[in-house]
Amino acid sequence: MSETTEPTLRWQEILDFERTWGRGAAGKGTAVRERFGLSPARYYQLLNRLIDHPEAVQYDPMLVQRLRRVREDRRRRRFARRLA
């Protein structure tokens, strides 16, 4: 990871958190604030940058690929709504 990204342990913690958090579970924003001291928006900005790094793929390839698919699906839906 570059010097401008979160320290190594931080990005690993983010991936670990994302792996263990239940889908659709209520209160994720609160958990993100308590654990990382970040707003949910900032957390997702970091997460989206993080999953583009090769180190993240090496750390947890299945999780990163799943998160990339989810991100791409959301982008496609947003784009389709704009065209509609």
Side-chain angles (χ1 to χ4, degrees):
M1 299 265 160
S2 73
E3 294 175 22
T4 59
T5 59
E6 297 296 305
T8 301
L9 294 177
R10 177 84 162 204
W11 68 260
Q12 289 175 347
E13 284 181 46
I14 290 171
L15 289 176
D16 293 342
F17 176 80
E18 205 51 41
R19 182 184 331 102
T20 59
W21 190 263
R23 287 187 183 168
K28 186 173 183 180
T30 301
V32 164
R33 286 181 199 281
E34 290 174 0
R35 182 159 178 186
F36 300 108
L38 300 169
S39 70
R42 180 71 179 134
Y43 171 81
Y44 286 111
Q45 287 173 343
L46 289 172
L47 181 62
N48 277 310
R49 278 200 332 242
L50 171 60
I51 63 177
D52 289 330
H53 287 278
E55 294 92 342
V57 175
Q58 290 175 341
Y59 184 72
D60 195 334
M62 294 195 54
L63 173 67
V64 170
Q65 290 303 319
R66 180 177 62 81
L67 293 172
R68 286 177 176 176
R69 278 192 310 272
V70 168
R71 178 178 65 184
E72 189 56 35
D73 288 344
R74 288 181 179 149
R75 284 180 178 168
R76 277 193 214 113
R77 282 185 292 213
R78 273 196 312 270
F79 186 70
R81 281 195 305 259
R82 288 181 193 162
L83 292 177

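Quick caveat: nothing in here was measured; it's all calculated off a predicted structure.
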For a 4.5 angstrom cut-off between non-hydrogen side-chain atoms, does Ile14 reach Tyr43? yes
Pairs meeting criterion side-chain hydrogen bond (donor to acceptor under 3.5 Å, both in side chains) with involvement of residues 75-84, two or more places apart: Asp73-Arg76
Do Val57 and Arg68 have side-chain heavy atoms sitting under 4.5 Å apart?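 The answer is yes, as the side chains (C-beta and beyond) meet within the 4.5 Å cut-off.
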Nearest non-hydrogen partners of Ser39 and Arg33, listed with the distance: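 Of all heavy-atom pairs spanning Ser39 and Arg33, the closest is CA-NH1, 3.8 Å.
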Between Ala56 and Leu50, what is the shortest heavy-atom contact and its length?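 That would be CB-O, 3.4 Å.
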Counting C-beta onward and ignoring hydrogens, is there a side-chain heavy-atom pair between Arg71 and Leu67 closer than 4.5 Å? no
About how many Å separate CD1 of Ile51 and CG of Leu46, when rounded to the nearest 0.5 Å? 12.0 Å
For the student: nearest non-hydrogen atoms of Pro40 and Gly29, plus distance: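 So the two residues come closest at CG-CA, 3.7 Å.
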Is there side-chain contact between His53 and Trp11, with at least one heavy-atom pair below 4.5 Å?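 No - every pair of side-chain heavy atoms lies 4.5 Å or more apart.
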Side-chain heavy-atom pair Leu38, Tyr44 within 4.5 angstrom cut-off: no
Close side-chain approach of Lys28 to Phe17, heavy-atom, < 4.5 Å: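 In contact.
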Do Arg10 and Phe36 have side-chain heavy atoms sitting under 4.5 Å apart? yes
Hey, could you give me the CD/CG distance between Glu18 and Leu63, rounded to the nearest 0.5 Å? 6.5 Å
Linking Ile, Leu, Val, Met, Phe, Trp and Tyr by side-chain heavy atoms under 4.5 Å, what else ends up with Phe79? Leu83
In the structure I gave you, are the side-chain heavy atoms of Arg42 and Gln45 within less than 4.5 Å of one another anywhere? yes
CZ/Arg35 to CG/Asp16 distance, rounded to the nearest 0.5 angstrom? 7.0 Å
Quick one: pull up CG in Asp60 and CZ in Arg66 and give me the separation to the nearest 0.5 Å. 9.0 Å
